[in-house]
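Just follow the structure's listing: the first ligand is 1, and inside any ligand the first atom is 1.
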Amino acid sequence: MNDIIIKNIKSLLLPKKSDGPLKGKEMDELEIIDDQAMIVIKDDKVVYRGAETDDYQASETIDAAGMIASPALVDPHTHVVHGGSREHEMALKRQGVDYLTILEQGGGILNTVEQTKKATHQELFDKASKNIIRMIQYGVLTVESKSGYGLDRENELKQLEVSREIAEKFPLTMRHTFLGPHAIPKGADSEAFLDEMIDLLDEVKDYADFADIFCETGVFTIEQSRKYMEAANEKGMRVKIHADEIDPLGGLELAIEQNAISADHLVAASDEGKRQLGDSDTVAVLLPGTTFYLGKEEYADARGMIANGGAVSLATDYNPGSCVTDNLQMIMAIASLKLKMTPNEIWNAVTVNAAHAIDADKGTLEVGDDADIVLWDAPNHEYIPYHYGVNHAHTVLAKGQVVYRQPGLLTN
Ligand SMILES: N=CN[C@@H](CCC(=O)O)C(=O)O
Ligand SMILES: [Zn+2]
């Protein structure tokens, strides 16, 4: 006897499981079982998925009523744990004051650092919980969460501890990233501060899966980023990098040189970096919601990266300053409109490739996989990036348990 059968699925999306991320042309391949598909779940795992058959019995049956089904989504880049908000910067940005100028003047990330330092563990947990609940409702069951608004031992660890508590209390899988070198604290010497963050790596290794750095003009240089990544690699931590977001510094090439699990942003990545991406297993995590929110014209060159045989993923980058959305479905729409990615590429980018970007065995629905499944109230998989700005997730199952079902209208 099995636990659950989900039957009457109109289209079942099956991203390909493989040892590494899907690269280049492979990103446009997506197996879809059309008409009368079903999924059988036992003990949290998928035991069958494919055409409907009478071979299985279960204590509970869910009628998908012609909805589409996919693995739950994976958001591989967020700053979900932080204090406060920065809506006052929105008007400044519209007046033409740019992101790095606000940071240079002590605002931006440094403003959130002040608010995060003031917040208690409980306040940070309560605030992040609201976003996490929304992410789950929107079909996301694996989330990466970065520190980086503490910039000192106590407050970086506080953020990572909150992130770990979220993983315990909510039905989702988390990956935790130490982003100590996210900005230079007011009045600090950047080299001395970087050394302090490097010294912290031994301790944060027990709290974090990855070490990340913001490599950008006025923040950390390529040389400083290399020093940090080399130190993290030596200590056995996989590295990530916020690279080439605004200025073309060669962050993508550095990520590949340091065998980074992902290089994130990449709006200004060089042609040479994009060429090298195709020969590497580093995943390009693109964050088009950030380009959209910062009001920039130039988006990351997803087409060029895929044409060079690279692996591309997508994330919200949810944070209080440069991308204030926790809706990954919205990012799927922006990826279609601005990155010109195909629907198949987009689905692979928010499932299997996103999982590879954070070393999570998620984003596929093979026999033996965790039964993290979303039923989408949509006629086909192309519909979700097309009808943008709303939630299409109807039912979300985390390890075989229904954790969300879209409510109807309340009427008498
Ligand atoms: N660019 C650096 N860090 C974040 C933004 C942080 C903030 O503005 O608070 C990002 O990924 O976009
Ligand atoms: Zn970020």
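Below 30°, between 30° and 60°, or above 60°: for H182 and F214 the angle between ring planes is between 30° and 60°, a tilted geometry.
Looking at H77, its N, O or S atom nearest to the Zn ion (ligand 2) turns out to be NE2. Its N, O or S atom nearest to the Zn ion (ligand 2) is what matters here, and for H242 that atom is NE2.
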Tell me which donor-acceptor pairs under 3.5 Å the side chains of residues 7-16 have, and how far apart each pair is, sequence neighbours excluded?
{"unit_1": "N8", "atom_1": "ND2", "unit_2": "D63", "atom_2": "OD1", "d": "3.0"}
{"unit_1": "K10", "atom_1": "NZ", "unit_2": "P379", "atom_2": "O", "d": "2.8"}
{"unit_1": "S11", "atom_1": "OG", "unit_2": "D34", "atom_2": "OD1", "d": "2.6"}
{"unit_1": "K16", "atom_1": "NZ", "unit_2": "E26", "atom_2": "OE2", "d": "3.1"}

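Ion pairing of K130 with D326 is absent here, as no side-chain N (NZ or NE/NH1/NH2) approaches a carboxylate O to less than 4.0 Å. Ion pairing between a basic and an acidic side chain is recognised when a charged N comes within 4.0 Å of a carboxylate O; D370 and K362 show such pairing.
Applying the salt bridge (Lys or Arg N to Asp or Glu O under 4.0 Å) test to every pair with at least one member in residues 247-263, sequence neighbours left out, gives these pairs: R226-E257.
When all heavy atoms of P71 and G363 are compared, the pair lying nearest together is CG-O, 3.4 Å.
Each of H77, H79, R86, Y99, I109, Y149, H182, F214, H242, E245, H265, D317, N319, G321, S322 has a non-hydrogen atom positioned under 4.0 Å from some atom of ligand 1.
Residues satisfying the side-chain contact (heavy atoms from CB on, under 4.5 Å) criterion with K158, sequence neighbours excluded, are L124, N155.
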